[in-house]
Amino acid sequence: MNVILEAIQKSAIRIKNAIDVKDIGYSQEQNSSGETQLQLDIQSDLIIEEELSRIPSVHTIASEEKEHPMMLNENGRYFIAFDPLDGSSLVDVNLSVGSIFGIYDGVFSPEKMIASCYVVYGPRVELVFADEEKVSLYLLQAGEFEYVKEIRLNEKGKINAPGGTQQFWAPYHKAMIDSFFARGYRLRYSGGMVPDLHQILLKGGGLFSYPGASDKPEGKLRMLFEVFPFAFIFEKAGGKAVDGTKRVMENEPRHIHDTSPCFFGSKDEIDEVISVYAGQQ
Ligand code: AFP
C-alpha cells in the first residue's frame with residue numbers, strides 16, 4: 001500500500017506542476033459523462049496512469065476520464081479508481097481543485113474498498129489518506145509530503161455545503177437545508193467537491209449534500225471515483241456518508257460511471273438527513 005501512496009504523491013507533484021505551467025484551454029475531447037475535457041484533465045489522467053502503471057500489485061485502473069477500466073497486471077491485487085482532476089472547470093477561475101482515489105481489493109466494489117485518498121491543489125497542496133486504521137493529513141513542503149496529523153470529526157459541525165441546483169431540489173430537501181442555515185450554519189460551497197469536503201473535515205464537521213433532484217434523480221457525483229472514496233474517509237474519521245436513506249457504501253454501481261445522491265458529514269447532521277428523508281418514504 002505504501003507504494004501506491006508514493007505513486008499518488010508523485011502524481012500530485014507532477015499535476016501541481018502541470019496546473020502551474022500548462023495551457024488550461026479546452027480540448028476537443030469529451031469524457032464518459034459527456035463533459036468537454038480540459039487539456040489539464042487529460043494531462044492529469046496520463047500522469048496518474050503512468051505512475052500507477054509502474055506498480056506490479058495494481059491489477060486494474062479506472063479513470064473518470066475514460067469509458068472503460070484498463071487492466072495493467074493480471075496477477076495484481078489492487079483495483080484503483082480515480083478522478084484525476086475533479087472540479088477542473090474551476091482552474092480557470094483560480095479556485096482549488098483536487099484528485100480523488102479509491103483503492104479496492106480485487107474488485108471495484110464498495111465492500112472491498114481498503115483505502116482512499118485525495119489531494120487538494122490550493123494555496124497549499126495537501127493530501128489525505130485513509131486506511132482501516134485512521135485518516136491522515138499530509139502537507140507538501142519542499143517537494144516532500146510531510147505527515148501533519150490524524151483527522152477526526154466532531155459529533156456536530158457548523159458548515160453547510162448544499163450542492164445541486166436549488167430550483168430542482170425536492171421541497172423537503174430545501175426545507176432541511178434552510179433549517180440548518182436558520183440555526184446559524186455557515187454556507188461554504190465552491191463547486192469543487194474536494195476543497196468543499198476538505199474544509200468540513202479540517203473544520204471538524206458539518207454537512208455536504210448533493211441530493212437526487214428533478215434534473216438529476218441519481219445525483220451528479222460518481223460512486224466509484226468520488227462518492228465511495230469520500231464516504232470511506234468520512235466514516236473512518238468518525239462521520240457518516242449516506243444516500244438519503246442508508247450508508248451510501250451499501251450501493252453497488254451497475255456501471256463504473258454510475259452516480260448516487262450523497263450526503264457526507266458529522267453524525268448529528270447525517271442523522272437529521274436520514275430522519276428527514278425517512279419521513280418522505
Ligand atoms: P466539474 O468537474 O465539472 O467542475 O464538476 C465538479 C463536481 O463534479 C464536484 O467537484 C462538485 O461538488 C460538483 O461537481 C458541483 O456541481 P454543481 O456545480 O452542480 O453544484
Side-chain angles (χ1 to χ4, degrees), residues 15 18-19 22 24-27 29-45 48 62-66 81-102 116-122 126 128 159-170 173-174 177 180-181 187-202 206-231 233-234 241-244 248 253 256-265 273:
I15 290 170
I19 291 170
K22 283 278 180 188
I24 57 173
Y26 281 93
S27 73
E29 310 290 324
Q30 287 205 328
N31 67 11
S32 314
S33 304
E35 298 155 336
T36 304
Q37 291 174 304
L38 280 168
Q39 301 293 352
L40 268 178
D41 283 327
I42 296 168
Q43 179 79 10
S44 303
D45 185 47
I48 295 171
S63 168
E64 190 204 64
E65 297 300 334
K66 290 199 176 71
F82 57 90
D83 181 353
L85 199 63
D86 183 80
S88 52
S89 62
L90 299 173
V91 170
D92 54 8
V93 292
N94 202 21
L95 287 177
S96 298
V97 292
S99 303
I100 312 168
F101 302 82
S116 76
C117 180
Y118 67 83
V119 182
V120 51
Y121 309 98
E126 292 184 307
V128 170
I159 289 174
N160 189 10
T165 307
Q166 296 203 25
Q167 73 181 96
F168 299 125
W169 288 350
H173 179 83
K174 176 154 176 44
I177 295 298
F180 280 112
F181 287 132
L187 170 62
R188 294 288 182 273
Y189 191 80
S190 73
M193 174 184 201
V194 174
D196 290 342
L197 286 166
H198 189 60
Q199 179 170 200
I200 291 173
L201 284 164
L202 291 195
L207 175 66
F208 174 100
S209 52
Y210 206 109
S214 55
D215 63 329
K216 296 187 177 83
E218 293 308 314
K220 172 184 182 183
L221 302 178
R222 271 76 36 147
M223 290 180 181
L224 277 187
F225 310 108
E226 297 162 323
V227 176
F228 294 156
F230 272 104
I233 289 168
F234 267 75
V242 298
D243 62 5
V248 73
I256 65 162
H257 293 281
D258 279 354
T259 63
S260 166
C262 53
F263 302 80
F264 306 94
V273 169

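Just so it is clear, the structure is predicted and the values come from calculations on it, not from any experiment. Just so it is clear, the values below take in all heavy atoms, side chains as well, and ignore hydrogens, waters and symmetry mates. Just so you know, residue 1 is the first one in the sequence shown, and it goes up from there. Remember, it's 1-based here, ligands and their atoms both numbered in the order they're listed.
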For this session: Give the intermediate values and the outcome of side chain to side chain donor-acceptor pair (under 3.5 Å) for residues Glu126 and His198.
Result: CA-CA 9 Å; Glu126 292 184 307; His198 189 60; 2.8 Å; yes
Exercise. Against heavy atoms of Gly192, which atoms of ligand 1 measure under 4.0 Å?
Worked result: 10 (O)
Exercise. Quick one: does Met193 get an N or O within less than 3.5 Å of an N or O on ligand 1?
Worked result: yes
Exercise. Judged by non-hydrogen atoms, does Leu90 sit under 4.0 Å from ligand 1?
Worked result: no
Exercise. Aromatic ring centroids of Tyr118 and Phe230 under 6.0 Å?
Worked result: yes
For this session: Could you see which bit of Leu221 sits under 4.0 Å from ligand 1, with heavy atoms only: side chain, backbone, both or neither?
Result: side chain
Exercise. Under the side-chain hydrogen bond (donor to acceptor under 3.5 Å, both in side chains) test, which residues partner Lys216, sequence neighbours left out?
Worked result: none
For this session: Check ligand 1 against Tyr210 and write out every atom of the ligand that is under 4.0 Å from a heavy-atom position of the residue.
Result: 16 (O), 17 (P), 19 (O), 20 (O)
For this session: Select the closest option to atom 16 (O) of ligand 1 among Lys220, Arg222, Glu226, judged by heavy-atom distance.
Result: Lys220
Exercise. Can you check whether Gly192's main-chain N or O pairs, donor with acceptor, with Ser190's side chain at less than 3.5 Å?
Worked result: yes
Problem set entry | Ionic contact status for Arg222 with Asp83, cut-off 4.0 Å | no
Exercise. Is it true that the side chains of Ser260 and Tyr210 contain a donor and an acceptor less than 3.5 Å apart?
Worked result: no
Exercise. Should you measure from each heavy atom of Gly164, which atoms of ligand 1 turn up under 4.0 Å away?
Worked result: 20 (O)
For this session: Heavy-atom contacts with Tyr189 under 4.0 Å: which atoms of ligand 1 show up? List them by number with element.
Result: 15 (C), 16 (O), 17 (P), 20 (O)
Problem set entry | Nitrogen or oxygen atoms of Asp86 and ligand 1 under 3.5 Å apart | yes
Exercise. Got a sec, which residues hit side-chain hydrogen bond (donor to acceptor under 3.5 Å, both in side chains) with Asn160, two or more places apart in sequence or on another chain?
Worked result: none
